[in-house]
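A quick write-up on the structure given underneath.
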Amino acid sequence: MTSLRVRFAPSPTGYLHVGGGRTALFNWLYARKHGGTFILRIEDTDKERSNDTNTKSILEGLEWLGLHWDEGPYFQSEGIARHQQVARELLAKGWAYRSFATSEELEKQRKEAEAAKRPWLRDAPSRALSIEESDRRAAAGEPFAIRFKVPDDGGGTRFEDAVYGVQERKHADIEDFALLRPDATPLYNHVVVCDDVEMRITFVIRGQDHLSNTHKQLLIYRALGVEPPRFAHLPLINAPDRTKLSKRKHGEVVSVTTYRDRGFLPEAFRNFLALLGWSAGDDKEVYTSEELVQAFTLEGISRSNAIINFSESDPRMWTDKKALHLNQEHLNRMPLEELAPKVEPVLRGAGLWDDAYAAGGARHDWFLRALGLLRARFVTLSDFAGPGRAYFADDFETDAAARDKNLGKEPRLKEWLPALADRFEAAPEFTHAALEPLLRAHSDELGVKAGVLINAARTAVTGQSVGPSLFELLELVGRERVCARLRAAARLL
RNA sequence: GACCCUGUGGUGCAGAGGCCCAGCACGUCACCCUUUCAAGGUGAAGAUCGAGGGUUCGAAUCCCUCCAGGGUCGCCA
């Protein structure tokens, strides 16, 4: 009885993208739900394309997502000697053969196969070589790759995928794939099996792009005499144009760290990712992380590819609206005490942080009230430093459209605003309950609709045309700042 | 080309033969509330369930064909 072990095995040929993030998430959820071990393995066998920067950014992405691994990161490149050893064993046992065909010869073979309308399957001349002849040529220093000798027996491979169901493939449809290059460096299909065996992986959860590769890997398991793990393949995530997501084509939306940098909550992003290709079978959409772990099942994974919607031209749709919406939900449902530490780094980054806001600090309660009031209309954490800037600093910008709409149309505001400030100055207490009658009385006396003053005041005090209820916001910002801003706005008219 | 997978409103998902003249959410639109709104409330539009054939008393759900999209076929991962 071995315990459940799953792994996420990205190759560091790029940063962590959303598809990878989701694969990692599903592995993590599965492990968490069943008390298994979640392993991280970096597949860096392709030295040409792998680099440390990418590895770092993948780890960063996973950390931000909160997908903590129990073991690793292991680096595939560290096991090369073992991979080579296994390949030599396979060769010795007759499960593989030396493929002496040069690149040119292979290309020729493939062209001939194509011309004959047959798929290329084997390096037939090499495969037909006697062991003695093969040994002799190898000893003579002739370069060769090692290829798996797919049985010629009319049989096939079969496995039951947890998502896609029973999968069968005839040996006659599987080509003799290479295990080792002529320089003895190992290739993907071989390495994955070696490492999954070495790490005693019991369940492989990965992208659907590996579905057909699985048959090759099964062949290796069989040759090795090792019981293969179970498999679950995940549908792919595509771009709105239905093509594969790529940074070149689709830009930053595909990178997990973009979501971090744009003020996403990791739990919200996990929630979004989980819903891309999975559902509990009901209509529930907003999940806390605990609920997600509870509800997650492989059976709920769908087989069709999902599309992540976004638009390069519309900044409000820089990523999927659903993701944004989910973030807003999480932002608004989260206890304020939990939200506060998440907003802190954002404010720090914008130079808006005050240590008095911290838990136990003099202004902590005020800070929580501010977050509570502001978040109803905010979507991401970044909003606190953007449209929310005026609540934390005096050097905020006034939105041009807001100024035109609320301050620019009524010239008499030049007098009305300072007069309002005078009234506020004299108010016995600066609370929303006390402020509202004051403003309304003021507008009555002036014979204008309260809305004119209310909207002008909102823009003067916060720089925005939208925001929380004015009187609550005034109370929050405080008498001194409010009055100063009302007068300053009037001076600029 | 070969092999494999998929196909429910714009998007993400429900739906596992009758409860579906198809549900939820996002988005869109309208209205209400109101001091604003990218907030809240209410409501509307939007799907001949890829197409065509079957099976069945009855199909989005089962079968066949076709079409479309995706994946794999590398001495990439």
Side-chain angles (χ1 to χ4, degrees), chain A residues 9-13 43-46 48-50 76 99 101-103 106 110 113-114 117-121 143-147 161 163-165 167-170 172-175 177-183 185 187-189 191-192 207-216 233 235-236 238 240 242-244 272 275-286 300 302-310 316-317 320-326 328 332 375-379 383 387 402 405-406 436 439-440 449-459 464-471:
Chain A
S11 81
T13 52
E43 308 217 322
D44 60 343
T45 43
D46 186 346
E48 303 281 298
R49 301 200 300 149
S50 305
Q76 200 154 58
S99 174
T102 61
S103 305
L106 276 178
R110 290 200 165 95
E114 197 183 334
K117 298 208 171 201
R118 306 232 49 167
W120 179 89
L121 287 175
F144 60 86
I146 295 183
R147 281 181 191 285
D161 190 88
V163 173
Y164 287 93
Q167 300 293 310
E168 291 176 294
R169 198 161 174 200
K170 295 194 272 294
D173 288 325
I174 304 175
E175 73 282 3
F177 53 97
L179 269 25
L180 250 44
R181 293 187 182 91
D183 68 359
T185 54
L187 271 339
Y188 176 73
N189 284 113
V191 176
V192 192
Q208 191 237 52
D209 46 341
H210 290 293
L211 193 58
S212 356
N213 280 152
T214 307
H215 292 95
K216 296 174 192 166
H233 288 85
L236 270 19
N238 291 333
R242 299 192 176 268
T243 61
K244 203 160 33 171
F272 171 68
L275 259 22
L276 235 36
W278 171 85
S279 117
D282 54 25
D283 290 328
K284 185 175 168 67
E285 289 206 317
V286 184
S302 77
R303 301 178 181 187
S304 54
N305 293 347
I307 288 170
I308 177 168
N309 222 345
F310 56 84
R316 281 187 57 197
M317 232 189 106
D320 203 298
K321 284 277 197 178
K322 193 75 161 225
L324 260 4
H325 171 255
L326 250 13
Q328 186 168 25
N332 277 282
R375 69 175 175 177
R377 287 162 183 79
F378 284 176
V379 176
D383 290 338
K405 184 180 166 210
N406 295 331
E436 180 159 5
L439 182 140
R440 290 192 186 277
K449 287 203 296 188
V452 174
L453 282 180
I454 287 170
N455 289 328
R458 171 177 292 108
T459 301
Q464 304 289 314
S465 62
V466 304
S469 160
L470 177 76
F471 304 104

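Labels below follow one simple rule: chain letters A, B, ... track the order of the sequence lines, proteins then strands, and each chain is numbered from 1. The figures here come from the full heavy-atom set of this structure, side chains too, leaving out hydrogens, waters and symmetry mates.
Between G71(B) and A77(B), the distance separating the two C1' atoms is 14 Å to the nearest Å. Nucleotides A45(B) and A2(B) are separated by 46 Å at their P atoms, to the nearest Å. The same atom, P, is picked in U48(B) and in C37(B); the two are 36 Å apart, to the nearest Å. Going from the C1' atom of C13(B) to that of C21(B) covers 22 Å, rounded to whole Å. A16(B) and G54(B) have their P atoms separated by 26 Å, given to the nearest Å. A59(B) sits 6 Å from G17(B) when the C1' atoms are compared, rounded to a whole Å. Nucleotides U65(B) and A22(B) have their P atoms positioned 31 Å apart, rounded to a whole Å. With C1' as the reference atom, G9(B) and U28(B) are 12 Å apart, rounded to whole Å.
Residue contacts shown for Leu106(A) include a base, since a base heavy atom lies under 4.0 Å away. Backbone-only contact: Ala178(A) has heavy atoms under 4.0 Å from sugar-phosphate atoms and none from a base. Here Ala101(A) lies in heavy-atom contact (under 4.0 Å) with a base. Note on Gln167(A): only backbone sugar-phosphate atoms sit closer than 4.0 angstrom, heavy atoms only; bases stay farther off.
In this structure, U55(B) forms no base pair with any nucleotide, since neither Watson-Crick nor G-U wobble geometry is met with both distances under 3.5 Å. Of the nucleotides present, C73(B) is the one that pairs with G1(B) by Watson-Crick or G-U wobble criteria, both distances under 3.5 Å. Base pairing of G7(B): its partner is C67(B), meeting the Watson-Crick or G-U wobble criterion (both donor-acceptor distances under 3.5 Å). The partner of G40(B), taking Watson-Crick or G-U wobble pairs whose two distances both stay under 3.5 Å, is C32(B). Using the Watson-Crick or G-U wobble rule with both distances under 3.5 Å, C13(B) pairs with G23(B).
Every residue two or more places apart in sequence or in another chain was checked for a side chain to side chain donor-acceptor pair (under 3.5 Å) with His215(A), and none qualifies. Contacts of Asp320(A) classified as side chain to side chain donor-acceptor pair (under 3.5 Å), with partners at least two apart in sequence or in another chain: none.
Picking from C13(B), G12(B), C75(B) the nucleotide with the shortest atom distance to the side chain of Ser103(A) gives C75(B). Picking from G12(B), A39(B), U35(B) the nucleotide with the shortest atom distance to the side chain of Ile307(A) gives G12(B). Residue Leu187(A) places its side chain closer to A77(B) than to any other of A77(B), C4(B), U35(B). Minimum atom distance to the side chain of Lys216(A) is reached by C73(B), of the listed U6(B), G69(B), C73(B). Distance from the side chain of Ser304(A) is smallest to U6(B) among C26(B), C3(B), U6(B). The side chain of Asp209(A) lies closest to U72(B) when the candidates are C26(B), U72(B), G69(B). Among the nucleotides C37(B), G70(B), C5(B), the one closest to any side-chain atom of Asn305(A) is G70(B).
Here Arg181(A) reaches the OP1 or OP2 of A77(B): one of its side-chain N or O atoms lies under 4.0 Å away. Distances shown here put a side-chain N or O of Ser279(A) below 4.0 Å from the OP1 or OP2 atom of A14(B).
In the interface, the side chain of Ser465(A) is not paired with the base of U36(B) through any donor and acceptor atom under 3.5 Å apart.
A donor-acceptor contact shorter than 3.5 Å links the side chain of Thr459(A) to the backbone of Gln464(A). A donor-acceptor contact shorter than 3.5 Å links the side chain of Arg303(A) to the backbone of Val163(A).
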